[in-house]
Amino acid sequence: MAVEPYRRLLALPGVRSLLLVGLLARIPSTAVAITLTMHVVDPGGLGMGFGAAGLVTMASTVGMAVGSPLAGRFVDRHGLRPVLAVTTLAQLVFWSVAWAMPFPVLLAAAVPAGLLALPVFSVIRQCLTALVPVDQRRMGFSLDSMIVELSYMAGPALAIAGVTSLGSVPTMGIVAAGLVGSGTALIVLNPPIRSAEELREPVARVARRQWLTPGMLGLLGTVVAAMFVLAATELSLVATMKQGGDTAWIGLAIALWCAYSLIGGFVYGMLPRGRSPLVLIGAMGLLTIPVGLVGGDWHWLVLALLPAGVLCAPALSSSIDTLSRWVPAEARGEAMGLHGTALLIGGASAAPIAGVIIDGPGPGWAFAAAGLGCVLMVLVALPFWRRTEGSVEEPLPLAA
């Protein structure tokens, strides 16, 4: 059966519960940015403009980008529960009072709130690495990428629905409950951060220079490029459909695009051999370049996104799989945190850059620029895709 390998994966002790908690825990985390945005612009909230809302989300994103590897480093050194307890408490404090903050206070508080964000994405991946044998990790990370896709489809949509029907203040309370519930569930579950074999080995501090090699920096750079092209594609898709008067179908178009990624992730997890993230991310960028040439009905535009779309989940899961092989268990949390930071940087940088191109030459050129930038980043990383002095493990070959 096609799903039998996934059944064997889910039969591994702890995997099913970890992925289920991961799905539920990520939904409130993916709703954070849009909830803050809607609160700032909502007349029932602060009633300000989108520029002010952008400053708040930028402050939160900067905090998360800095805090993600720091949280991972503390998990490596002190274990999972202390970090989850501190970050869960921090989210409870912030979201309990954020609704009452005037704009300057909210802007200032968004930075430490982001810094102490619940590290649910990196923690789930770190624990999945510990629970799943090496020969099944590609499938595990593919399934995890599919779950992340579902979370991003649900979280922002539920936040918008909440603000529309209930108002921003009650929705912030719901997000607070979701974040606290997520942190509490992970504390109770307490999944392992190292495998049984790794626990039997003596614990030793690993110098960052041993694993943060030029090859690893190249990998993180391609992760930035992958997230950049995904975020820019979404903006360009929205802009193209708005120009064509197809605004009512934007939600459906994005859902179809996400479905491509889910299908790609499912198929990739079952392949007998994986592929290097350089190949997958480079191909995704290359296939995005000509999308802007498609004119006419929006159906053709969505169809043109299919080749690049099916590579989304495989590209990201391949990058995590590669990282898990390169980094020793003692530094895996920090490395997963850096992976999260790379995703944040790619997503955050896409909005202003793609926005300028959309407002200037047009959204068709934004597709091309995002894809071309992705391909160039892969070419920059390619010379470093070899074993460097002090690296822990031989990098995967391009067709590994």
Side-chain angles (χ1 to χ4, degrees), residues 10 14-37 57 60-61 63-65 67-68 71-72 75 80 83-84 87-88 90-92 94-95 113-114 116-129 131-132 140-162 171-172 174-191 193 223 226-227 230-231 234 254-255 258-259 261-262 265-266 312-313 316-317 319-320 333 336-337 339-344 346-348:
L10 294 173
V15 171
R16 190 190 301 268
S17 56
L18 176 67
L19 291 176
L20 178 60
V21 170
L23 171 62
L24 298 177
R26 282 163 166 154
I27 290 176
S29 294
T30 58
V32 164
I34 191 64
T35 301
L36 286 174
T37 298
T57 55
S60 176
T61 301
M64 286 190 287
S68 182
V75 169
L80 189 59
V83 175
L84 289 173
T87 52
T88 300
Q91 296 309 299
L92 174 62
F94 173 76
W95 288 93
L116 295 171
L118 200 64
V120 62
F121 287 85
S122 58
V123 161
I124 296 298
R125 288 162 178 160
Q126 182 178 6
C127 297
L128 192 62
T129 304
L131 290 171
V132 178
F141 289 130
S142 295
L143 186 56
D144 181 68
S145 294
M146 294 161 62
I147 289 173
V148 170
E149 198 77 59
L150 292 173
S151 300
Y152 272 104
M153 291 171 69
L158 290 174
I160 293 173
T171 303
M172 293 177 81
I174 295 173
V175 171
L179 291 171
V180 173
S182 300
T184 304
L186 285 169
I187 291 172
V188 172
L189 185 63
N190 193 30
I193 59 175
V223 172
M227 195 62 203
L230 292 177
E234 182 177 9
I254 292 177
C258 293
S261 178
L262 290 173
F266 182 81
C312 294
L316 294 179
S317 63
S319 69
I320 302 167
M336 291 291 181
H339 186 279
T341 297
L343 292 173
L344 287 169

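Keep in mind that this is a model prediction, so the values were computed, not measured.
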Nearest 0.5 Å please: distance from the [atom1] atom of [X] over to the [atom2] atom of [Y].
{"X": "Thr37", "Y": "Ile34", "atom1": "OG1", "atom2": "CD1", "answer": "5.0 Å"}
{"X": "Thr87", "Y": "Leu118", "atom1": "OG1", "atom2": "CG", "answer": "4.5 Å"}
{"X": "Leu131", "Y": "Gln126", "atom1": "CG", "atom2": "CD", "answer": "11.0 Å"}
{"X": "Leu343", "Y": "Phe121", "atom1": "CG", "atom2": "CZ", "answer": "9.0 Å"}
{"X": "Thr184", "Y": "Leu189", "atom1": "OG1", "atom2": "CG", "answer": "12.5 Å"}
{"X": "Ile320", "Y": "Ser145", "atom1": "CD1", "atom2": "OG", "answer": "5.0 Å"}

Would you name the heavy atoms of [X] and [Y] that are closest together and state the gap between them?
{"X": "Met64", "Y": "Ala117", "result": "CG-CB, 3.7 Å"}
{"X": "Ile27", "Y": "Leu23", "result": "CG1-O, 3.4 Å"}
{"X": "Ser122", "Y": "Pro119", "result": "OG-O, 3.3 Å"}
{"X": "Gly22", "Y": "Ile124", "result": "CA-CD1, 3.8 Å"}
{"X": "Thr30", "Y": "Gly155", "result": "OG1-CA, 3.3 Å"}
{"X": "Ser29", "Y": "Leu179", "result": "OG-CD2, 3.8 Å"}

**Request:** Evaluate the criterion side chain to side chain contact (heavy atoms under 4.5 Å, CB included) for residue pair Trp95 and Val32; output intermediate values, then yes/no.
**Result:** CA-CA 10 Å; Trp95 288 93; Val32 164; 3.7 Å; yes
Do [X] side-chain atoms and [Y] backbone N/O form a donor-acceptor pair below 3.5 Å?
{"X": "Ser261", "Y": "Ala313", "value": "yes"}
{"X": "Gln91", "Y": "Ala176", "value": "no"}
{"X": "Thr35", "Y": "Ala159", "value": "no"}
{"X": "Ser68", "Y": "Ala65", "value": "no"}

I'd like to check [X] versus [Y] (side-chain heavy atoms, cut-off strictly below 4.5 Å). Are they in contact?
{"X": "Leu19", "Y": "Leu10", "result": "yes"}
{"X": "Leu230", "Y": "Leu316", "result": "yes"}
{"X": "Leu150", "Y": "Met146", "result": "no"}

| request: Determine, stepwise, if the pair Leu186 / Leu80 fulfils side chain to side chain contact (heavy atoms under 4.5 Å, CB included). | output: CA-CA 9 Å; Leu186 285 169; Leu80 189 59; 5.7 Å; no
**Q.** Derivation of the side chain to side chain contact (heavy atoms under 4.5 Å, CB included) call for Leu84 and Val75
**A.** CA-CA 9 Å; Leu84 289 173; Val75 169; over 6 Å; no
* salt bridge (charged side-chain N to carboxylate O under 4.0 Å, His left out): pairs with one or both residues in residues 143-157, sequence neighbours excluded ->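 Non-adjacent pairs meeting salt bridge (charged side-chain N to carboxylate O under 4.0 Å, His left out): Arg26-Asp144, Arg125-Asp144.
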Mind running side chain to side chain contact (heavy atoms under 4.5 Å, CB included) on Ser182 and Val120 for me, showing each step along the way? CA-CA 8 Å; Ser182 300; Val120 62; 5.7 Å; no
